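In what follows, a single structure is set out as C-alpha cells and then discussed.
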Protein chains: 2
Amino acid sequence: MKKRISESTIHRLSLYYRALSLLEKENVVTVSSKELAKREKLTPAQVRKDLSFFGSFGTRGLGYQVAELRSRMSHILGINRDWRVALIGIGNIGSALVSYKEFARQGFHIVKLFDNDQRKIGSNHKGIVVSDIKDLEKELKEDNIEIVIVAVPATVAQYIVDDVVAAGVKAILNFAPINLRVPPEVCLRNENMSMELEYLSFAVVNNHTPKKVI
Amino acid sequence: MKKRISESTIHRLSLYYRALSLLEKENVVTVSSKELAKREKLTPAQVRKDLSFFGSFGTRGLGYQVAELRSRMSHILGINRDWRVALIGIGNIGSALVSYKEFARQGFHIVKLFDNDQRKIGSNHKGIVVSDIKDLEKELKEDNIEIVIVAVPATVAQYIVDDVVAAGVKAILNFAPINLRVPPEVCLRNENMSMELEYLSFAVVNNHTPKKVI
DNA sequence: TAATTCTTGTGAAGCATTTCACATGAGCGG
DNA sequence: CCGCTCATGTGAAATGCTTCACAAGAATTA
C-alpha cells in the first residue's frame, strides 16, 4: 500500500470512525456502505473507495461488521492507543483546550503545559503544572511528547515551533493565524478560526453554498 | 461570474488577504503573484488563477497594488464590513471564543451570548449579558444576527441549530463533533479539533506528510 | 519610437479525486 | 441446490483542480 492517501480521505476516515462509534453504541452489528454514507452525507462509492485503500473489510451481500470496522479504523488513524500531547500558550484558547474533554476521550492526553508568563509558570491547570517555555526543547524530549498544540500569539509562533521541531516532534496543531515553516518530515495542521468565519461571510455575501461540508 | 468557486480557492483568498495585510503594514506598494505565492507556499499560477475568478486586478509587467488588492479581497470575502455574531454555549470553548480578539479584529463582533444554564443566564461576559437559550429564535431575529457560532454539547446541537435556522440565519460555525442537518441554503462549517488531532496521529503512524498544509 | 524586460490572464494539458457500473461472492428462501 | 437478492471491491469514466506555457499589455530605457 504505497498509494498517496488524500487529505479528504483521511478526514473521512475520522467521520467513519465517529459514525461507527455511534452505531456500536446503538448495538448495530452490521452496516452497509450505503447506510454509512447516508449518515455522513457521502456516497456509498466514496465510502467503499476510501476503505479499499487500506484493505477489504466487508462481506459482499452483507456489509461491514460495525465493531470490527471501527477497530480497523482506529488502528489506521492511530487512535487505538494514547498520545502524549503538550500544549504551549495558556491564553484564552489554550485554557479552553486544557479543559476540552473531547481530546482525552479520543486518547489525546495533554500532559504538559508551557507558557512564558511568570505569573502562569508554576500554576496548576487541571492537575498539570505550567512549565517555563525556556525549558521547552528539553522537557518535550524528556517527556516523549509526540504531538504539540501551539496556542501562542502569531508574533512568537515561529520561534516556538522551531524549538518544537528541534525537540524531534513530528506533529503540530497550530492555532496562531500565521504561515509557519517546518521541515518536510513534520506534519503541521493549522486551525484558523477566523478563516472559517471568513468562509461564512464569503458564503453569505456571494450566496454561495459549499458542495460538501467539511 | 457564475462559475462555482471551490472551497480551496475561498480559503486561499483568506491567505491572500492576510499576506496583503502584512505587506501593507510593511509599506510594500506592489506585489507580484510570484512573491504572494512564495509567502503562502503556493504557485504563482495558482494565485493568478484564483484571482482571475473575480476579475483582473493586476498590471502586466508590474504586479498588483497591495492596498487595492487587499481592499478587493476584503470585498470579495465580505469582510469590508462588520458582522453581528451570536455565540451559543458558554462552556470551555465558548468562553474562550468570547475573549478571542482575532474575531473582532476581522470585523466579526460577538454581540449575543446564549446558554441554557440558569447560573450563566444573566451573567456578564466581556460586557455581554448571557441570554436564555429559550429566547434564541426571537432574539436572533430581533438583533439581526447573521452568523452563529455553536459551541454546545453534541447531544443538543441539532435542536439548537434547528432554532437557528428557523430564525433565518444563513451561516453557522459549529464546534460540536456531530454531523448537523441544515437546509441547502444555509452554509454550515464544522470546526472539529479532534479530527485535526486524528489527522496528526494518522500522519505519525503512517509516516504520512500532507502535500499541502491547510 | 523601438527594443527590452517583466508579469499578468487564460486556454489547454496534466493530475487527482469522485462517481459509475458491473463482475463477483455471500446469504437466504423455496 | 438453485435462483434471487444484496452489497462489496474495483477498473474505467467523469468531473474537478492545479500547473503549464504563452500571447499580450505595461513600464522603462535608449
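As the structure is a prediction and not an experimental result, all values here were calculated from the model.
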Check: With distance as the sole criterion, is a donor-acceptor pair present between the side chains of B/T9 and B/S6 under 3.5 Å?
Finding: yes
I need the [atom1]-[atom2] distance between [X] and [N], as an integer number of Å.
| X | N | atom1 | atom2 | value |
| --- | --- | --- | --- | --- |
| B/D50 | C/dG9 | CG | C1' | 13 Å |
| B/L62 | D/dT28 | CG | P | 8 Å |
| A/L51 | C/dT17 | CG | P | 17 Å |
| A/R72 | D/dG9 | CZ | P | 11 Å |
| A/L13 | C/dT17 | CG | P | 14 Å |
| A/L36 | D/dT8 | CG | P | 9 Å |
| A/F54 | D/dG9 | CZ | P | 14 Å |
| B/K34 | C/dG9 | NZ | C1' | 18 Å |

Next item on the list: Please determine, for the side chain of B/S56, which listed nucleotide (C/dG11, C/dT18, C/dG9) has the closest atom?
Entry: C/dG9
Note to self: Can you tell me which nucleotide in D/dC17, C/dT18, D/dG9 comes closest to the side chain of A/Y64?
What the structure shows: D/dG9
Please tell me if [X] has a side-chain N or O lying less than 4.0 Å from either OP1 or OP2 of [N].
| X | N | result |
| --- | --- | --- |
| B/R12 | D/dT18 | yes |
| A/T43 | C/dT19 | yes |
| A/Q46 | C/dT17 | no |
| A/S33 | D/dT8 | yes |
| B/R48 | C/dT8 | yes |

Next item on the list: Determine, for A/E142 against A/R84, whether the closest basic-nitrogen to carboxylate-oxygen distance falls under 4.0 angstrom.
Entry: no
Margin query: I'd like to know if B/E24 and B/R70 make a salt bridge, using a cut-off of under 4.0 Å between side-chain N and carboxylate O.
Written below: yes
Notebook entry, point to check: Restricting to pairs with a member in residues 151-164 of chain A, which pass salt bridge (charged side-chain N to carboxylate O under 4.0 Å, His left out), not counting sequence neighbours?
Noted result: none
Note to self: With a 3.5 Å cut-off and heavy atoms only, can you find an N or O donor on one side and an acceptor on the other between the side chain of B/R60 and the base of C/dT7?
What the structure shows: no
Check: On DNA chain C, nearest-nucleotide positions of A/T9 versus A/T59: which is more 5'?
Finding: A/T9
Checklist line | 5' priority, DNA chain C, between B/G55 and A/K49 [closest heavy atom] | finding: B/G55
Item checked: Cation-pi, B/F57 ring and B/R72 (6.0 angstrom, 45 degrees) -> no
